[in-house]
Number of protein chains: 4
Amino acid sequence: MMCGMAPDPNRRRESSRRAILTAAFDLLQEVGYAKLTIEGIAARAGVGKQTIYRWWPSKGIVIFDAFLMLNEAPEGGPPLLPDTGDLHADLTAVLRATVVELNDPRYDQPLRALSTEITHDPELAAAYVERLDKPMRQAKRQRLRSAQQAGQLAEDLDLDMAVDIIWAPVLNRWLQRSGPLTTEYADSIVAIALDGLRPRRPGD
Amino acid sequence: MMCGMAPDPNRRRESSRRAILTAAFDLLQEVGYAKLTIEGIAARAGVGKQTIYRWWPSKGIVIFDAFLMLNEAPEGGPPLLPDTGDLHADLTAVLRATVVELNDPRYDQPLRALSTEITHDPELAAAYVERLDKPMRQAKRQRLRSAQQAGQLAEDLDLDMAVDIIWAPVLNRWLQRSGPLTTEYADSIVAIALDGLRPRRPGD
Amino acid sequence: MMCGMAPDPNRRRESSRRAILTAAFDLLQEVGYAKLTIEGIAARAGVGKQTIYRWWPSKGIVIFDAFLMLNEAPEGGPPLLPDTGDLHADLTAVLRATVVELNDPRYDQPLRALSTEITHDPELAAAYVERLDKPMRQAKRQRLRSAQQAGQLAEDLDLDMAVDIIWAPVLNRWLQRSGPLTTEYADSIVAIALDGLRPRRPGD
Amino acid sequence: MMCGMAPDPNRRRESSRRAILTAAFDLLQEVGYAKLTIEGIAARAGVGKQTIYRWWPSKGIVIFDAFLMLNEAPEGGPPLLPDTGDLHADLTAVLRATVVELNDPRYDQPLRALSTEITHDPELAAAYVERLDKPMRQAKRQRLRSAQQAGQLAEDLDLDMAVDIIWAPVLNRWLQRSGPLTTEYADSIVAIALDGLRPRRPGD
DNA sequence: GCTTAAACGAGACGGTACGTCGTGTCTTGCA
DNA sequence: TGCAAGACACGACGTACCGTCTCGTTTAAGC
């Protein structure tokens with residue numbers, strides 16, 4: 001017994017949904033976030049504007065859903081980080097991959113757009129954390145836990161913080177362009193995060 | 001020889017400049033980034049739109065300048081971090097202050113707006129790094145260098161990276177709302193950053 | 001041989017037809033011609049839009065049919081004008097009735113809507129002339145012919161023109177609101193039409 | 001001290017005004033009333049939609065103003081009807097001219113549009129009566145008064161009604177297409193109006 | 001009475017136009 | 001001449017309807 005009756009999802013046309021999300025993502029690449037318009041998405045998708053407004057409450061959620069579609073499509077089970085036993089090497093490889101992805105021009109504009117939307121919309125941020133961040137974070141924590149059990153990480157270490165300390169600097173440098181985002185930067189971050197800022201005793 | 005003539009900065013009316021920047025900052029708090037308009041700023045500042053377009057090339061730079069005005073006003077010389085000799089305590093205090101500022105509702109919307117503009121405009125990002133980030137980073141590096149000279153930090157440590165590792169997690173959590181941004185979080189980040197993720201030998 | 005198959009009139013649901021026409025007429029009164037929409041009619045009639053599109057080619061014809069329904073319903077045979085032998089009195093009475101009907105707020109909006117549709121759609125105009133105008137005109141002509149045979153009207157008078165000369169001024173004043181539409185106006189029109197604009201010899 | 005501050009007519013751009021009214025009139029001819037849109041007018045006039053909305057409260061008034069522009073432009077003083085002394089001939093000539101104008105395809109659609117707007121908007125109707133109908137009616141009355149003074153019309157004749165009786169049938173037949181609108185029709189109307197429906201004594 | 005094909009209600013869809021808002025430019029008149 | 005005021009061409013907004021198109025669900029004719 002609600003008013004403002006929500007549309008019936010059964011009647012939703014899947015082809016339109018995909019066309020809209022694809023168009024949104026493609027346009028983000030091509031024209032950038034500032035020039036992304038609902039009208040543009042609708043035109044590119046060959047869809048009426050109302051079809052977008054009917055199913056998505058805001059442009060930000062369209063963008064978010066576009067990423068969801070991308071990430072859910074090719075998945076074969078939950079993501080996993082490599083575990084060769086060499087924590088330093090594994091983390092370096094993964095963080096380098098992150099750097100490469102952030103430097104990929106195909107993802108640059110869309111990712112910045114997603115970041116902006118998350119920054120300004122708490123609900124979207126929650127959805128992001130839940131749907132996109134959580135699975136990756138799980139995998140990262142998983143790798144760290146494995147290292148912890150092998151005695152390679154401090155016993156009382158909060159793994160979520162460890163994840164933050166490793167990945168946040170890279171994301172931040174990318175967002176703010178506070179310096180070149182290179183694989184060397186990734187390497188150094190991993191090294192410093194593992195060993196800490198303080199001098200280590202010889203023999204470690 | 002009078003095409004595209006740049007306006008004469010000498011004739012610029014200072015009162016209008018301040019009114020515009022103040023209005024921009026206030027409106028950011030009140031209506032948020034998405035609803036911040038040039039017309040709104042002009043109206044609030046009691047100024048013609050052209051006066052904004054004459055002196056600022058984009059809305060982002062108005063926002064940026066608004067922050068510049070704030071940060072340059074009360075300054076008595078370059079900023080400094082406390083140096084009690086106890087690095088852990090000093091860093092904790094400063095990072096806690098950062099957390100408090102980020103949680104201050106007066107700065108929340110404006111800071112997010114600034115962040116968004118930087119994310120999407122490389123030129124603005126460069127200006128940000130140069131004019132706002134650099135001075136603070138200088139102060140942070142300064143404190144770390146002092147510690148390094150006292151043997152409290154690794155000799156070969158890249159201090160810029162150290163700054164990133166300490167401050168990026170806090171900024172990131174704030175931007176993405178990936179978790180509660182508390183002083184405890186700040187404390188833990190400092191602790192982990194200093195000691196690293198690896199287990200320390202007893203006696204450290 | 002099955003393209004564009006016309007719907008089978010036998011299966012037509014009479015209740016829907018009446019509901020649609022009633023809804024159309026009522027909405028005309030309530031919201032006026034400009035805001036009359038097919039969706040509105042369908043909603044008010046508790047009917048799907050397609051049911052309207054299936055049976056009526058245009059909104060104008062729905063309106064027209066609504067009038068047809070009204071006029072055909074209470075009919076017991078063809079309409080007749082009173083014939084007391086006193087032509088002046090009879091015409092005055094009938095034209096006064098016309099004025100009263102045009103001034104009735106229940107019919108004002110619907111009639112204006114009908115008029116507009118007729119004005120812009122020649123086919124509809126033909127239907128109007130045939131189905132609504134003709135029967136009334138017949139009755140009017142009948143009364144005039146009776147007077148003509150009694151020697152009260154010129155022998156060679158074109159009765160259709162006589163009808164026009166008597167009724168058109170009233171309709172026109174109503175449509176254009178070029179002046180108050182009163183029974184006195186009707187009276188004067190009849191008087192002038194009968195006697196003509198020229199001065200009459202005494203003794204007429 | 002008003003809110004909803006009306007725009008300042010001094011700042012109005014005359015060229016835009018003319019372009020809009022011309023475009024509106026031309027489009028009425030070309031696409032007809034039903035397909036006349038504000039967007040279409042703006043596009044054809046090379047003007048922003050807002051410029052139309054700023055100065056005209058409704059589409060009907062744009063149409064009305066388009067006619068005003070047409071009628072005020074070529075005027076050299078108030079309009080006059082021919083006065084040869086032969087009332088019958090003069091009226092016939094003028095009413096024939098009316099018929100010709102109504103049959104002119106350049107004016108057909110625009111006039112029907114104007115008629116529709118007047119029918120549905122009382123305010124517009126008042127403006128029409130005042131600005132467009134009144135001057136013509138004045139000229140018509142003038143000619144009739146001249147005839148009246150010459151003893152060719154009844155002394156106590158209400159000249160406004162006389163005008164109605166002569167012109168309304170033609171307008172009505174044109175609007176409703178209730179029959180062919182020919183010069184013969186005009187002739188007959190004049191003849192019948194002058195002599196009345198009743199038989200005249202021989203010698204008149 | 002059971003089947004089956006239609007008309008039906010509901011409403012999603014690709015579109016068009018609405019009337020509003022903001023952009024960045026241009027013009028006018030005041031100081 | 002710098003400025004406030006604001007008109008302007010332009011483009012996007014979010015909404016309302018258009019007319020078409022599925023969907024299941026009646027419903028009435030024909031087997």
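Every chain is numbered from 1, with letters handed out A, B, ... down the list of sequences.
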Whole-Å distance between [N] [atom2] and [X] [atom1]?
X	N	atom1	atom2	value
A/Ile20	E/dG15	CD1	P	12 Å
C/Tyr53	E/dG9	OH	P	15 Å
A/Glu39	E/dC21	CD	P	17 Å
D/Trp55	E/dG19	CH2	P	19 Å
C/Lys35	E/dC18	NZ	P	15 Å
D/Arg12	E/dT28	CZ	P	16 Å
D/Trp56	F/dA7	CH2	P	14 Å
A/Ile61	F/dG14	CD1	P	13 Å

C/Ser16 vs B/Thr37, nearer the 5' end of DNA chain E by closest nucleotide = C/Ser16
Taking the nucleotide of DNA chain E with the closest heavy atom to each, which residue, A/Asp8 or A/Ala42, is nearer the 5' end?
-> A/Asp8
Do nucleotides 22-31 of chain F as a string where each nucleotide becomes B, S or -: B if the base has a protein heavy atom under 4.0 Å, S if just the sugar-phosphate does, - if no protein is that close.
-> BB---SBS--
Are there over 12 heavy-atom neighbours, none belonging to [X], within less than 6.0 Å of that residue's [atom1]?
X	atom1	value
C/Glu123	CD	no
A/Arg12	CZ	yes
C/Arg54	CZ	yes

Any A/Val62 side-chain heavy atom under 4.5 Å of A/Trp55 side chain = no
Nearest to the side chain of D/Ile38, which nucleotide is it out of E/dG19, E/dG9, E/dC13?
-> E/dG19
Just checking, any donor-acceptor pair under 3.5 angstrom between side chains of B/Glu117 and B/Tyr128?
-> no
Using the test side-chain contact (heavy atoms from CB on, under 4.5 Å), find all partners of B/Ala125 that sit at least two apart in sequence or belong to another chain.
-> A/Arg177, B/Ile118
Reckon C/Thr51 has a side-chain N or O less than 4.0 Å from the OP1 or OP2 of E/dG9?
-> yes
Answer yes or no: side-chain N or O of C/Lys49 and base N or O of F/dG19 forming a donor-acceptor pair under 3.5 Å.
-> yes
First of C/Leu36 and A/Lys59 reached from the 5' end of DNA chain F, by closest nucleotide = A/Lys59
Between B/Gly46 and D/Gly48, which is nearer to the 5' end of DNA chain F once each is assigned its nearest nucleotide?
-> B/Gly46
Look at the rings of C/Tyr33 and D/His120 and say which category their plane angle falls in: under 30° parallel, 30 to 60° tilted, over 60° perpendicular.
-> parallel
